[in-house]
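Comments concern the structure below.
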Amino acid sequence: MKKKKVFSLAMIIIPWLSVLFMDKKSFVRYLPVASFINLFISVFSVIGNKRRWWINKNPFSPGNVDFSYILGPYFVATLWIFKLTYGNFLKYLVTNAIANIINAFLLGSM
């Protein structure tokens, strides 16, 4: 297997290992919102690829959507952010802004 495929597969599996530390009630509670957000991001990815805002070069998920990113770290991060910040909108806003800044500027430049 090529290094890129191994990395893509690890990007899906490793974040899901952290879900083992989340209780079942929280997982089921935040699953619909995480699914909706990831559906929205998937549609946004298709639009972004068609308008050439970016190019998906991931060999593990050919096509317009990088599923290894969306189903891996993004989905799990959404679950954890909602679990850890439930009931405090300001905490959610700050946590989500920090996560987006890290994603856009630190991880996006890799």
Side-chain angles (χ1 to χ4, degrees):
M1 226 185 207
K2 292 182 181 179
K3 288 181 184 179
K4 286 186 177 182
K5 287 187 179 184
V6 170
F7 179 74
S8 294
L9 192 58
M11 212 162 89
I12 293 173
I13 295 171
I14 291 172
W16 279 96
L17 295 176
S18 73
V19 175
L20 297 174
F21 298 106
M22 185 181 292
D23 57 338
K24 183 179 178 182
K25 181 181 174 186
S26 295
F27 178 76
V28 171
R29 180 179 196 170
Y30 301 117
L31 186 64
V33 70
S35 299
F36 175 75
I37 289 171
N38 284 297
L39 176 65
F40 181 77
I41 294 298
S42 298
V43 170
F44 189 69
S45 293
V46 170
I47 293 169
N49 279 321
K50 284 187 180 180
R51 294 188 179 188
R52 296 187 181 164
W53 291 339
W54 59 79
I55 298 171
N56 182 16
K57 294 182 181 178
N58 189 346
F60 192 69
S61 59
N64 293 331
V65 181
D66 185 6
F67 286 111
S68 62
Y69 173 72
I70 292 174
L71 295 177
Y74 198 81
F75 193 90
V76 174
T78 303
L79 289 171
W80 278 108
I81 288 172
F82 273 97
K83 178 182 173 25
L84 297 174
T85 63
Y86 179 75
N88 189 343
F89 181 72
L90 184 60
K91 189 176 179 181
Y92 165 76
L93 196 65
V94 170
T95 305
N96 202 28
I98 290 170
N100 287 337
I101 288 169
I102 291 170
N103 186 26
F105 296 110
L106 296 179
L107 298 178
S109 62
M110 293 176 125

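Quick note: numbers below take in every heavy atom, side chains included, and nothing from hydrogens, waters or symmetry partners.
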Inset, instruction - State the OG-CG distance between Ser42 and Leu71, to the nearest 0.5 angstrom. - result: 7.0 Å

Inset, instruction - Check whether any side-chain heavy atom of Trp80 lies under 4.5 Å from a side-chain heavy atom of Thr95, and answer yes or no. - result: no

Inset, instruction - Output the distance between atom CZ (Phe40) and atom OG (Ser45), rounded to the nearest 0.5 Å. - result: 10.5 Å

Legend entry - Thr78, Leu39, Asn38 screened by side chain to side chain contact (heavy atoms under 4.5 Å, CB included) with Ile70, the one that passes: Asn38

Legend entry - Those residues that, when tested against Asn88, pass side-chain hydrogen bond (donor to acceptor under 3.5 Å, both in side chains) (two or more places apart): none

Legend entry - Shared hydrophobic cluster, Ile37 / Phe89 (ILVMFWY, side-chain heavy atoms < 4.5 Å): yes

Inset, instruction - Over 60° means perpendicular and under 30° means parallel, so classify the ring planes of Trp16 and Phe27, tilted if in between. - result: perpendicular

Legend entry - Inter-residue atom distance Ile12.CD1 - Phe67.CZ, 0.5 Å rounding: 10.0 Å

Legend entry - Closest heavy-atom pair and its distance - Val76, Pro15: CG1-O, 3.4 Å

Inset, instruction - Please report the shortest heavy-atom distance between Met22 and Ser26, naming the atom on each side. - result: CG-CB, 3.9 Å

Legend entry - Shortest non-hydrogen contact between Leu31 and Leu79, atoms and distance: N-CD2, 3.9 Å

Inset, instruction - Working to the nearest 0.5 Å, report the span between OH of Tyr30 and CG of Leu84. - result: 9.0 Å

Inset, instruction - Could you walk me through whether Phe82 and Tyr92 pass side-chain contact (heavy atoms from CB on, under 4.5 Å), step by step? - result: CA-CA 7 Å; Phe82 273 97; Tyr92 165 76; 4.1 Å; yes

Inset, instruction - Find the distance between CD1 (Ile98) and CG (Asn103) and round it off to the nearest 0.5 Å. - result: 13.5 Å

Inset, instruction - Among residues two or more places apart or on two chains, list those pairs meeting salt bridge (charged side-chain N to carboxylate O under 4.0 Å, His left out) that have a residue in residues 71-94. - result: Asp23-Lys83

Legend entry - Stepwise side-chain contact (heavy atoms from CB on, under 4.5 Å) test for Ile41 and Phe75: CA-CA 10 Å; Ile41 294 298; Phe75 193 90; over 6 Å; no

Legend entry - Residue pairs, two or more places apart or on separate chains, that pass salt bridge (charged side-chain N to carboxylate O under 4.0 Å, His left out) and touch residues 68-79: none

